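Predicted, not measured: the structure shown is a model, and the values here were computed from it.
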Amino acid sequence: MNKYTPKDIEKKWQEKWHDDKIYAFDPSAKNKFYTLVELPYTSGDLHVGHWFNWATPDAYSRFKKLRGFNVFFPHGYDTIGLPAENAAIQRKIHPKDWTMKNVETMQAQFKTMGSMIDLDNIVITCSDDYFKWNQWIFIKMFERGIAYRGKALSNWCPKDKTVLADEHVEDGKCWRCGSVVEKKEVEQWFLKITKYADRLIWPEKPSVDWPVEVRVGQNQWIGKSEGMLLDFEGIEVFTTRPDTTDGATFIVLAPEHPKVKELTTAGQKNTVEEYVQKASTKSELQRKENKDKTGVSTGAEVLNPVSGKKIPVWVADYVLYGYGTGAIMAVPAADERDKEFAEKFGLPIEKTSFKAKPKGKKQVNYHIRDWSISRQRYWGTPVPMIHCEKCGIVPVPEKDLPVTLPYEVDFTPKGKPPLASNDEWLRVKCPKCGGNAQRDPETLDTFFDSAWYYYRYVSTDYDKAPFVKDRVKKMMPVDIYFGGAEHTLGHTLYARFFTKFFKDIGLVSFDEFALKRVQHGIVLGPDGNKMSKSKGNVINPDDVVKEYGADTVRLYLNFMMPYEGTAPWSTEAISGMFRFLQRIWKLQEKLSKQAKTDDESKARMSKVVRNITRDMEQIKNNTSIAFIMDWLNFLSQKKEISKEEYKTLLILLAPFAPHIAEELWQIIGEKYSVHQQKWPSVDEKALQKQKVNIPVQVNGKLRAVLNLSADNLKKDTVVKLALENEAVQKHLSGAKPEPIYVEGKVLNLVIKSSSK
RNA sequence: GCCGAGGUGGCGGAAUUGGUAGACGCGCAGGACUUAAAAUCCUGUGGUGGCAACACCGUGUGGGUUCGAUUCCCACCUUCGGCACCA
């Protein structure tokens with residue numbers, strides 16, 4: 001027997017599996033299972049986090065395959081983003097070249113994982129065909145009024161010189177570069193996600209299995225609140241508590257509110273203008289940081305229709321222009337913020353009856369706002385629209401799609417979209433009137449691309465539509481979607497939104513694209529901190545693979561913690577995994593043709609298989625591996641082991657360590673491939689024959705354990721045996737206990753204390 | 001402030017619907033093999049006391065329900081994540 005040397009076997013099998021197409025999805029077969037992992041961004045290299053993210057889904061998919069499912073596990077790359085464009089600026093490489101080079105590197109690295117993902121049939125979001133259908137979808141949205149041109153106070157990243165969606169402003173800063181985000185009035189494209197707000201709200205008991213934190217988080221972000229629109233002499237306010245209108249003692253307008261100028265009295269003009277001016281220069285972050293209430297009076301007064309009193313109108317930036325009507329009625333007696341404001345500025349506070357019934361219109365408001373979708377950058381899908389002076393905005397006809405990116409542009413940020421710098425590309429004839437017109441020089445947000453890529457996966461070869469309806473009908477929804485928690489408010493919400501839109505235009509028939517969502521945690525550096533170059537605690541997967549092989553790395557990543565967990569990488573623990581594989585390798589010495597699987601072993605094996613099957617289904621791969629170790633420990637103690645025992649070990653191992661499992665499978669002369677075998681079954685009879693441990697408690701404290709055979713589990717027998725037990729007798733000290741027995745589980749002997 | 005998820009050995013973490021707390025792995029200690037070391041193998045490993053048998057304590061804290069609670073209920077402390085002047 002030679003030594004276990006991963007590098008001698010891993011590449012060999014990877015190539016053979018690939019050549020033999022052993023993981024090929026059979027579109028005609030039933031029993032489909034669609035595993036989806038968020039497509040990686042083409043940043044350059046796979047880091048250990050990528051390995052972690054894929055190790056569990058891959059083991060899970062392999063398990064599903066062994067369980068008889070026809071597994072579809074496709075792959076792709078999210079290619080659009082600023083790093084590509086910035087690399088281009090810094091290193092003078094074209095974004096496309098930079099991106100495609102990274103795709104190549106990452107493809108090669110994915111191969112070393114020995115994953116069953118299909119690397120031949122990938123979606124690359126910057127390819128022409130993806131652009132085409134991306135643009136097609138955009139035009140469909142435009143036709144339905146979902147994509148629209150709007151002007152709004154938007155989040156502006158001064159460094160990236162582009163607009164940001166609300167979901168990508170984190171703590172007042174740009175999600176990508178961390179610059180403090182400014183507010184800027186910009187005309188741009190929006191998607192009317194607000195129209196879908198109600199349908200995106202998760203019901204209490206959803207039909208699909210998504211984590212609560214996602215459901216609650218999304219519902220909060222959508223932030224539905226029902227209330228009323230009330231009129232205060234021309235000022236419309238939104239309130240959720242119309243019943244407190246009698247206690248409204250003043251009105252507050254947001255600084256941007258158009259009525260501010262109109263209402264301000266001559267005496268207050270300078271003060272108000274100064275205040276409004278000041279508020280407009282504040283960034284969102286500054287507004288958030290300083291929660292002290294500020295504001296000024298307009299000098300105007302309006303009638304409170306319920307109390308019949310004239311109440312003053314103020315301007316303050318604690319009222320947000322973007323929410324409700326940008327104006328509120330302040331009820332200091334019922335609202336903390338209004339109270340604080342009233343106290344600070346000496347405004348009256350009056351009791352409310354909570355019984356007011358003002359006249360007004362019912363109104364529902366949402367926290368979520370329409371998704372700003374256009375970016376003033378080069379590296380993205382061009383917005384497929386033409387601006388004609390005569391006809392206005394005209395979509396590019398389908399036959400002219402895709403609108404591709406011109407290779408030559410000046411993409412150094414200058415405040416205007418880079419595409420506007422290429423005249424030849426920009427100028428175009430209007431498809432309607434044939435007159436002179438211009439292309440839209442903006443590109444789509446990268447989150448538009450990733451909102452529907454898993455539909456394209458099922459139709460990478462199709463060029464008549466974004467996807468083949470029938471195939472989607474057959475293969476979707478996705479059965480399980482693995483990804484990161486950071487996409488709770490962005491990507492996964494957008495993906496749900498797109499699915500509902502697709503349903504509306506008759507492309508799909510379901511409401512949710514993924515039946516189950518599982519979110520991974522993070523592998524920290526060995527020092528317990530987040531891995532970062534500056535901290536020098538980054539683990540390079542290529543190095544670890546070189547040292548131990550891919551199987552050890554996969555195994556360790558599956559074993560180190562639950563998929564949802566976050567824990568530090570341990571250079572010591574991973575060597576334990578290597579040791580485990582070496583012990584399995586060595587076990588082949590004990591394999592004997594004559595050896596039979598005895599009853600004890602059968603029972604043990606069944607228990608292991610049963611537990612692993614149960615845990616794998618629940619994606620508890622760490623405990624599944626623990627049971628494989630348990631089985632190995634058991635086999636190691638035997639003098640010789642049967643082929644059945646050994647084969648079971650290899651099949652159980654195969655999802656986690658596919659290469660070594662295959663190699664050993666071949667060594668023992670079994671038919672290729674171990675990955676096309678049947679998952680071992682549980683021998684219920686053997687399990688029933690096994691002896692059972694019955695803990696015996698006296699007054700709830702464990703005093704003895706009886707090892708009993710299955711036919712000795714009746715209450716009378718167990719109690720009798722327990723009472724004969726010395727340790728039990730000692731603690732009973734002659735008393736007559738009342739037995740409480742749960743069959744096959746536990747016996748508790750209770751002595752009723754005399755004082756009771 | 002609001003919402004969500006957690007708090008179990010030296011560490012990562014187990015514990016099926018309330019039923020032997022600490023599986024499995026790492027680390028550590030002792031032993032075997034070796035001239036020696038590494039590797040490997042064996043044994044032990046929650047805490048306290050005891051030579052030992054054994055006893056008591058023990059799942060963030062304090063109460064409660066129960067024959068029995070890491071698991072259920074109440075209050076509190078605390079860590080992490082999300083949202084945050086949303087009217």
Along RNA chain B (nearest heavy atom to each residue), the more 5'-positioned of Asp335(A) and Glu170(A)
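Closest to the 5' end, via its nearest nucleotide, is Glu170(A).
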
Take the protein atom [atom1] of [X] and the nucleotide atom [atom2] of [N], then report the distance between them rounded to whole Å.
X	N	atom1	atom2	result
Asn748(A)	A69(B)	CG	P	10 Å
Tyr741(A)	G18(B)	OH	C1'	17 Å
Ile222(A)	C2(B)	CD1	P	23 Å
Phe627(A)	U16(B)	CZ	P	10 Å
Leu702(A)	U20(B)	CG	P	9 Å
Ile584(A)	G25(B)	CD1	C1'	13 Å
Met577(A)	C24(B)	CE	C1'	8 Å
Leu524(A)	C80(B)	CG	P	13 Å

Using purine N1 to pyrimidine N3 plus N6-O4 or O6-N4 for Watson-Crick, or N1-O2 and O6-N3 for G-U wobble, both under 3.5 Å, which nucleotide pairs with [N]?
N	result
G9(B)	none
C85(B)	none
G62(B)	C74(B)
G4(B)	C80(B)
C56(B)	G47(B)
A38(B)	none
A69(B)	none
U16(B)	none

Taking the side chain as every heavy atom from C-beta outward, state whether [X] and [Y] have any atom pair closer than 4.5 Å.
X	Y	value
Gln363(A)	Phe238(A)	yes
Asp198(A)	Tyr366(A)	yes
Leu557(A)	Thr56(A)	no
Met616(A)	Asn621(A)	yes
Lys720(A)	Thr717(A)	no
Asn622(A)	Met560(A)	no

May I ask you to verify if any side-chain N or O of Lys620(A) is less than 4.0 angstrom from the OP1 or OP2 atom of A15(B)?
yes

Distance below 4.0 Å between Tyr323(A) side-chain N/O and A87(B) OP1 or OP2:
yes

Short heteroatom pairs, N/O only, protein and nucleotides 27-33 of chain B, under 3.5 Å:
unit_1	atom_1	unit_2	atom_2	d
G27(B)	OP2	Arg579(A)	NH2	3.3

Which of the following nucleotides, [options], is nearest to the side chain of [X]?
X	options	result
Lys745(A)	U17(B), A84(B), A87(B)	U17(B)
Asn693(A)	U20(B), C24(B), G4(B)	U20(B)
Leu489(A)	G82(B), U40(B), C85(B)	G82(B)
Met629(A)	C85(B), C67(B), G25(B)	G25(B)
Asn633(A)	G25(B), C83(B), A87(B)	G25(B)

Mind checking [X] for me? I need base, sugar-phosphate or nothing, with any heavy atom below 4.0 Å counting as a touch.
X	answer
Gln220(A)	base
Arg583(A)	sugar-phosphate
Val750(A)	sugar-phosphate
Gly223(A)	nothing
Ala573(A)	sugar-phosphate
Val216(A)	sugar-phosphate

Ring centres of Tyr548(A) and Tyr556(A) under 6.0 Å apart?
no

Ring centers of Phe341(A), Phe250(A) separated by less than 6.0 Å:
yes

With side chain to side chain donor-acceptor pair (under 3.5 Å) as the test, would you mind laying out the steps for Asp338(A) and Tyr318(A) before giving the verdict?
CA-CA 10 Å; Asp338(A) 297 345; Tyr318(A) 82 91; 2.9 Å; yes

[N] and [M]: how far apart are their [atom1] atoms, nearest whole angstrom?
N	M	atom1	result
U65(B)	C72(B)	C1'	8 Å
A23(B)	A15(B)	C1'	8 Å
G10(B)	U16(B)	C1'	30 Å
G81(B)	G30(B)	C1'	45 Å
G18(B)	G13(B)	P	25 Å
U40(B)	G46(B)	P	23 Å

Test side chain to side chain contact (heavy atoms under 4.5 Å, CB included) applied to Phe656(A) and Arg554(A), step by step:
CA-CA 6 Å; Phe656(A) 301 105; Arg554(A) 295 171 53 106; 5.8 Å; no

Between Glu38(A) and Arg517(A), is there a salt bridge with N-O shorter than 4.0 Å?
yes

Does the pair Asp630(A)/Arg604(A) count as a salt bridge with the N-to-O cut at 4.0 Å?
yes

Taking syn as any angle within 90 degrees of 0 and anti as the rest, which one fits G6(B)?
anti

Mind checking whether His168(A) and Phe447(A) have parallel, tilted or perpendicular rings, split at 30° and 60°?
parallel

Do the ring planes of Trp585(A) and Tyr4(A) sit parallel (below 30°), tilted (30 to 60°) or perpendicular (above 60°)?
tilted

Counting only heavy atoms not in Glu600(A) (residues, nucleotides, ligands), do more than 12 fall under 6.0 Å from its CD?
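It does not: Glu600(A) CD has 12 such atoms or fewer within range.
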
Report all interatomic pairs (protein N or O, nucleotide N or O of nucleotides 11-13 of chain B) with separations under 3.5 Å.
unit_1	atom_1	unit_2	atom_2	d
G12(B)	O2'	Met560(A)	O	2.4
G13(B)	O3'	Asn622(A)	ND2	3.4

Which protein N or O atoms sit under 3.5 Å from an N or O of nucleotides 54-56 of chain B?
unit_1	atom_1	unit_2	atom_2	d
A55(B)	OP1	His731(A)	NE2	2.7
C56(B)	OP2	Arg703(A)	NH1	3.4

